[in-house]
Amino acid sequence: MKNPRTKRILLACGLAAGILFLALLCFYHLDYGELMDWDEARHGVSAYEMLQTGEPIVTTYAYSPDYWNLKPPLSEWLIALGYKLFGYNAYGLRFFSGVSMFLSALLCAAFLWKRYGKTEAVFSLFAFASCGKLFYYHAARNGDADALFIFCYTIAVLCLCESHRKFSWTYGACLAFSFAFLAKGWHAGTIALLVLLTLLFTGRFPQMRLKHYALCALSSLGPAGLWALARWRKDGLSFLISMFTYDVVNRATGSLENHAAPVYFYLGVLGRSVSSIFLILLSLFGLVLLLRSNSFRQRSAPFYDALVCVLAVLVPFVLFSAASSKLFWYILCVYPAIVLLSAFAVHQAKHQLPSAAWPKLLLTLSLGLVVCFSAHNVWRYAVEPSRSVTGLSLLLADCSTPAKAHYYIDAGKWQQIKLMETEWLTDATPCDGGAEAFAADSGSYLITSAAALDAYPQYEVIRQTEEFALLYNP
């Protein structure tokens with residue numbers, strides 16, 4: 001573009017639009033989507049009880065130590081902070097997941113702006129927003145640990161890209177591993193392996209001295225080690241051992257909770273999205289251009305940045321494909337690296353291709369496609385959803401029962417989402433045992449279906465909706 005002023009205006013508009021799209025995807029109507037019974041509700045309960053008990057080290061569920069969710073408590077700490085800011089609701093539960101994803105996108109754009117150019121940075125914002133899976137279940141619009149882990153993984157990738165220019169950035173990647181461990185447990189091993197492979201393929205190991213190894217170890221073990229020591233002081237090694245045997249040994253060697261899938265499962269995860277296929281093809285095109293460039297022959301910075309990002313895609317993909325237990329969100333962390341690779345492709349196309357019409361057409365088409373994909377995601381995930389209201393929340397809204405009163409549910413065992421909503425709305429102590437335990441517990445409450453009221457004629461009906469009823473045992 002020959003007019004510099006017009007180019008600056010277009011870049012400024014693109015930057016503003018990209019940030020707006022991401023802000024909408026990460027924060028607009030964040031509380032509208034349906035609350036998820038697994039993982040999201042579990043984290044929500046643990047964070048709520050953490051605030052009630054003042055216990056930040058041992059996570060609990062139904063006020064008992066939780067040995068099912070075998071993860072350190074960083075995500076619960078942030079959810080608890082979200083509750084402090086926005087109250088006990090879905091927005092507070094999900095806010096820092098949105099923050100994590102928003103910052104991941106901005107950091108990628110800032111890196112590209114500094115190292116490659118403004119066009120590449122603007123492109124990356126829309127490319128990030130085009131990745132729909134980053135704004136769905138187990139990601140930006142869900143209150144669990146996955147968006148936080150993606151943020152830590154993105155920081156590690158960017159630090160390793162910078163480490164070619166200055167080795168001390170490697171310590172930042174090691175620190176990202178430590179915080180990723182606090183968020184997602186042994187899944188952080190992907191970062192450790194990424195750091196090791198980067199040092200290996202860039203030839204850094206022979207240049208490292210004892211102080212480099214010591215600082216890497218200190219960065220990796222610092223925050224995570226402090227938490228592990230604090231947890232050991234609470235209940236010994238039982239939780240830490242269970243973390244390893246369940247998350248590493250069992251997931252690697254056996255299918256947990258019926259999560260078995262063929263080895264090519266993650267190819268299907270990436271291949272089901274048109275935007276993902278486009279970004280991957282664009283990335284491959286950029287790698288071909290890189291192999292033909294002086295950057296490859298001279299092993300300059302673009303080569304090392306691309307190497308880190310290729311490793312950042314392959315490590316989780318290969319590692320989790322080899323494991324027996326597979327879930328689609330295990331490889332969501334590869335998307336920021338794919339975005340970076342696609343932005344590198346835009347940079348290579350700008351500088352490697354001849355000044356003909358078709359390269360400009362290709363770049364314009366690429367930007368147009370990611371803008372269209374992004375706009376579709378904004379509509380699908382942020383604008384279109386309507387507020388989700390559960391029947392239980394209608395029953396318990398503004399319910400004035402005593403704090404910490406014993407609540408039972410006629411099913412006997414609590415569904416996780418119902419337990420979370422009951423704690424949010426009533427500050428109750430949910431108890432198992434169902435109607436039988438309720439009958440033996442004077443001063444307690446029972447949640448039952450409205451259709452089953454005839455089975456409890458001896459109890460006082462406190463509240464009733466079309467779906468549920470709340471009974472009191474005087």
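Worth knowing before you read on, the calculation uses all heavy atoms, side chains too, and leaves out hydrogens, waters and symmetry mates.
- Of the residues L392, L425, L35, D37, the one that meets the side-chain contact (heavy atoms from CB on, under 4.5 Å) test with M420 is L35.
- Closest approach of I462 and L471 over heavy atoms only: CG1-C, 4.4 Å.
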Between H138 and E40, does the side chain to side chain contact (heavy atoms under 4.5 Å, CB included) criterion hold? Intermediate values first, please. CA-CA 8 Å; H138 280 276; E40 183 174 44; over 6 Å; no

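- In terms of heavy atoms, F344 sits closest to C309 at CE1-SG, 3.8 Å.
- Residue pairs meeting the salt bridge (charged side-chain N to carboxylate O under 4.0 Å, His left out) criterion with at least one partner in residues 368-392, sequence neighbours excluded, are D31-R387.
- Here L197 contributes atom CG and L307 contributes atom CG; the two are 9.5 Å apart, rounded to the nearest 0.5 Å.
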Please step through side chain to side chain contact (heavy atoms under 4.5 Å, CB included) for the pair S275 and V370, ending with a clear verdict. CA-CA 7 Å; S275 62; V370 294; over 6 Å; no

With side chain to side chain contact (heavy atoms under 4.5 Å, CB included) as the test, would you mind laying out the steps for Q52 and D427 before giving the verdict? CA-CA 9 Å; Q52 299 302 310; D427 191 23; 3.4 Å; yes

Show your reasoning for whether salt bridge (charged side-chain N to carboxylate O under 4.0 Å, His left out) applies to E76 and K71. CA-CA 10 Å; E76 281 83 1; K71 302 288 190 297; over 6 Å; no

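- Residues Y407 and F438 form no side-chain contact, since every pair of their non-hydrogen atoms from C-beta on lies 4.5 Å or further apart.
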List the steps and the verdict of side chain to side chain contact (heavy atoms under 4.5 Å, CB included) for T60 and D66. CA-CA 5 Å; T60 62; D66 189 1; 5.6 Å; no

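- Summarising the geometry of M243 relative to G185, their closest heavy-atom pair is CE-CA, 4.0 Å, with the distance given to 0.1 Å.
- Side-chain atoms of L396 and F468, non-hydrogen and from C-beta on, never get closer than 4.5 Å to each other.
- Y136 does not carry R141 over the face of its six-membered ring by the limits of under 6.0 Å from the centre and within 45° of the normal.
- At least one donor-acceptor pair under 3.5 Å links the side chain of N377 to the backbone N or O of A129.
- Listed by first and then second residue, the side-chain hydrogen bond (donor to acceptor under 3.5 Å, both in side chains) pairs involving residues 95-105 amount to none (not counting sequence neighbours).
- A pairwise comparison of heavy atoms in A382 and L24 identifies CB-O, 3.3 Å as the closest pair.
- With hydrogens and angles disregarded, a donor-acceptor distance shorter than 3.5 Å links the side chain of T245 to the backbone of I241.
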Can you list, pair by pair, the side-chain donor-acceptor contacts under 3.5 Å of residues 313-322, counting residues two or more places apart and other chains?
| unit_1 | atom_1 | unit_2 | atom_2 | d |
| --- | --- | --- | --- | --- |
| S321 | OG | F317 | O | 2.6 |

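- Across L395 and T465, no two heavy atoms sit closer than the pair CA-CG2, 3.8 Å.
- A search for ring-ring contact (aromatic ring centres under 6.0 Å, His included) contacts involving W379 returns nothing, not counting sequence neighbours.
- When the ring-ring contact (aromatic ring centres under 6.0 Å, His included) test is applied to F95, the partners found at least two apart in sequence or on another chain are F27, F86.
- Remark: C333 SG to Y153 OH distance equals 5.0 Å, nearest 0.5 Å.
- If you take CG on L284 and OG on S342, they are separated by 11.0 Å, rounding to the nearest 0.5 Å.
- In this structure the side chain of Y264 reaches within 4.5 angstrom of the side chain of L267, judged on heavy atoms.
- Under the 4.5 Å side-chain criterion, counting only non-hydrogen atoms from C-beta, D39 is not in contact with N142.
- Not counting sequence neighbours, the partners of Y304 by the ring-ring contact (aromatic ring centres under 6.0 Å, His included) test are H164.
- Side-chain atoms of V269 and K133, non-hydrogen and from C-beta on, do get closer than 4.5 Å to each other.
- When side chains are defined from C-beta on, F123 counts as touching L282, because their heavy atoms get closer than 4.5 Å.
- To the nearest 0.5 Å, atom CE of residue M50 and atom CD of residue E55 are 7.5 Å apart.
- With sequence neighbours left out, Y408 forms a side chain to side chain donor-acceptor pair (under 3.5 Å) with D441.
- Taking the ring-ring contact (aromatic ring centres under 6.0 Å, His included) definition, one finds that F181 meets it with W186, sequence neighbours left out.
- Checked by atom type and distance alone, the side chain of R94 pairs as donor or acceptor with a backbone atom of L30 at under 3.5 Å.
- Side-chain atoms of T426 do not come within 3.5 Å of backbone N or O of E423 as any donor-acceptor pair.
- Taking all atoms of both residues into account, the shortest heavy-atom contact from S130 to S374 is N-OG, 3.4 Å.
- With contacts defined as side-chain heavy-atom distances shorter than 4.5 Å, the pair P223/L175 qualifies.
- Residues T154 and C108 are in side-chain contact: their nearest non-hydrogen atoms beyond the backbone lie under 4.5 Å apart.
- Residues S449 and E467 bring no donor and acceptor atom of their side chains to less than 3.5 Å of each other.
- Taking SG from C161 and CG from D305, the interatomic distance works out to 4.5 Å, rounded to the nearest 0.5 Å.
- The aromatic rings of Y472 and Y445 sit tilted, their planes meeting at an angle between 30° and 60°.
- For the pairing with W329, the ring-ring contact (aromatic ring centres under 6.0 Å, His included) check across Y137, F149, W38 returns one residue only, Y137.
- Not counting sequence neighbours, the partners of D235 by the side chain to side chain donor-acceptor pair (under 3.5 Å) test are Y67, R231.
- In this structure, the separation between CZ on F96 and CD1 on I79 is 10.5 Å, given to the nearest 0.5 Å.
- The main-chain N or O of A224 is found under 3.5 Å from a side-chain atom of S178 such that the two form a donor-acceptor pair.
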Could you check E162 against R165 for salt bridge (charged side-chain N to carboxylate O under 4.0 Å, His left out), going step by step and ending with a plain yes or no? CA-CA 6 Å; E162 291 286 2; R165 301 166 179 93; 3.7 Å; yes

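- Surrounding CH2 of W227 are more than 12 heavy atoms belonging to other residues, nucleotides or ligands, all under 6.0 Å away.
- For Y83, the side chain to side chain donor-acceptor pair (under 3.5 Å) partners are W424, not counting sequence neighbours.
- Partners of Y63 under the side chain to side chain donor-acceptor pair (under 3.5 Å) rule, at least two apart in sequence or in another chain, are K404.
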Please set out all donor-acceptor pairs under 3.5 angstrom arising from side-chain atoms of residues 409-417, sequence neighbours excluded.
| unit_1 | atom_1 | unit_2 | atom_2 | d |
| --- | --- | --- | --- | --- |
| D410 | OD2 | T448 | OG1 | 2.5 |
| W414 | NE1 | C431 | O | 2.9 |

Y171 and F167: CA distance, side-chain angles, deciding distance, ring-ring contact (aromatic ring centres under 6.0 Å, His included) verdict: CA-CA 8 Å; Y171 309 139; F167 183 83; 5.7 Å; yes

